[in-house]
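To start, the structure under review is shown below, and the notes come after it.
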Amino acid sequence: MANLNDPALRSWIDIAPGSDFPIQNLPFGVFETDERGTRVGVAIGDYVLDLYAVSQFGFFRGLDLPTEPKVFRRRSLNRFIALGRPVWRAVRQRVSELLRHDNPELRDNEEAMRSCLVRQREVRMLRPVKPQNYTDFYSSIEHATNVGTMFRDPANALLPNWKWIPIGYHGRTSSIVVSGTDIRRPNGQRKAPDAAVPTFGPSQQLDFELEVAFVVGQGTALGDTVPVAQAEEHIFGLTLFNDWSARDLQSWEYVPLGPFLAKNFGSSISPWVVTLDALEPFRVAGPAQDPEPLPYLQLAGQHNLDLNLEVTLTPPGGAEATICRSNFKYMYWSMAQQLAHHASNGCPIEVGDLYASGTISGQRPDSYGSMLELNWRGTKPLTLPDGSQRKFLQDGDTVTMRGYCEKNGVRIGFGEVRGTVLPAAQ
Ligand code: MN
């Protein structure tokens, strides 16, 4: 099999320098136009390759795919993903071949090319998967330390279980939305420390959380477990993830059972799922783990990803400002460890499930992945280019997250996940 990540590969499609979607990436997503309806597509440069059209023109013939073309007309990638790793790999391989600069099959077939390629600006991107389950972890040691320092005790910022267990909680899938969907400020209970009783109303401390989520590609049956060394075989790919959070609701409700309504009013994901295969060249070792994890979580080798992340804030009518630069490589617990732990009690995982990393903070103050940390619980407000200040998000603010890996002149980008805050319901 050819190396689809080879930096020397080129496409006959013009791809602007700095594009997130060179021929080495080929992420999967679901898009819609009035003419085509709903289609599964692959991003290439400024275009989407319509996989249903590709199959209709016979370009997948001979691949011995157990695919019906219908799988490329669904409203989510779930059915496609469920066909299994050999199928995703064969399709990505074939798409790479069709787009290579020296392959005339699609390049020189004008009718097919017009049908198979659509400009990204002409499509509406949909939520790429229909998750049955969503879990949010808490796996950045910098984030957990910052939060523990602010809310509890700087000397004992990490709770005793943190370095033994990839801490997480079960979230809701019903409010997971695709990039571009507005997020309404939630109403809820909040109680100021000096107030006698709580009140109900709009959250005054709306925040974002910079996260990366992985999509499960292979499920398990009830009672099955996933050995940590095989956990990555269960992962289809990754998206950017904004876990919007209402800090005032959270600090009142989270004792003793953890996050609840402060977290599940909306979470945004980027529309393109970047495959683990495309990210292979960007593997790095994670931070040293001390104490050594229990045997079922022990895994040598490179299981983190050098994935640059940034967050911008755009006030209504104002200029976009970068407020955070972080990296997914900082994560203390790897995706493989998270998944092995998650399945260790026999609870099934399912195709399309989303497992979010937890807020990804680095060591420097400008790498903190939430406003709570960036402004250190309101003591260091952010100043935006227009001179306005923010402790938390205001109505009309837009938060945009972007991510990319880069090496040897190849940039594997994730696109973006964006959302604008709407006023709370009256
Ligand atoms: Mn979170």
Side-chain angles (χ1 to χ4, degrees), residues 131 133-152 157-159 161-162 165-177 179 181 183 185-186 188 203 205-215 238-255 257-270 307 309-311 323-324 326-328 330-335 337-339 341-342 353-362 367-375 377 392-393 399-401 403 414 417-419 421:
N133 303 284
Y134 155 55
T135 293
D136 194 26
F137 284 96
Y138 188 58
S139 290
S140 155
I141 195 167
E142 289 81 6
H143 173 68
T145 302
N146 286 341
V147 173
T149 299
M150 276 186 271
F151 286 89
R152 285 190 308 273
L158 291 181
L159 287 168
N161 59 7
W162 199 91
I165 296 175
I167 299 289
Y169 68 93
H170 290 311
R172 298 276 297 176
T173 63
S174 58
S175 53
I176 294 177
V177 295
S179 175
T181 308
I183 298 293
R185 180 183 299 273
S203 166
Q205 297 183 350
L206 184 59
D207 200 353
F208 62 82
E209 289 189 338
L210 169 63
E211 306 197 18
V212 168
F214 67 81
V215 175
L238 279 63
T239 69
L240 304 173
F241 195 91
N242 182 352
D243 181 24
W244 304 87
S245 299
R247 300 298 177 196
D248 42 357
L249 278 52
Q250 183 179 355
S251 56
W252 172 233
E253 76 173 8
Y254 89 103
V255 182
L257 287 185
F260 190 31
L261 305 188
K263 296 282 190 171
N264 68 8
F265 58 91
S267 305
S268 305
I269 59 170
S270 52
L307 164 53
L309 299 165
E310 67 163 39
V311 184
I323 57 173
C324 162
S326 188
N327 194 305
F328 192 39
Y330 299 135
M331 301 307 286
Y332 188 87
W333 295 106
S334 65
M335 295 182 287
Q337 290 174 316
Q338 291 171 338
L339 194 56
H341 178 66
H342 207 296
D353 282 359
L354 283 170
Y355 295 77
S357 56
T359 306
I360 303 163
S361 293
S367 68
Y368 295 165
S370 65
M371 293 194 77
L372 175 73
E373 295 163 88
L374 289 166
N375 70 42
R377 210 183 181 184
F392 291 98
L393 297 170
V399 176
T400 307
M401 298 173 176
F414 280 68
V417 58
R418 180 172 40 83
V421 177

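Whatever order the structure lists them in is the order used to number ligands and atoms, beginning at 1. Any value given below was found using the heavy atoms of this structure, including those in side chains, with hydrogens, waters and symmetry copies removed.
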Restricting to N, O or S, what is the name of the atom of E209 that lies nearest the Mn ion (ligand 1)? OE1

In D136, which N, O or S atom comes closest to the Mn ion (ligand 1)? OD2

I would like to know whether F241 and Y134 meet ring-ring contact (aromatic ring centres under 6.0 Å, His included); could you show each step before the answer? CA-CA 12 Å; F241 195 91; Y134 155 55; 5.2 Å; yes

With respect to the Mn ion (ligand 1), what is the nearest N, O or S atom of D243? OD2

Flag, side chain of D207 to backbone of M371, donor-acceptor distance under 3.5 Å: yes

Shortest-distance N, O or S atom of E211 relative to the Mn ion (ligand 1): OE2

For the backbone of S179 and the side chain of S268, can you confirm whether one donor and one acceptor N or O come within less than 3.5 Å of each other? no

Is it the case that the side chain of S245 and the backbone of D243 share a donor-acceptor pair, with hydrogens and angles ignored and the cut-off at 3.5 Å? yes

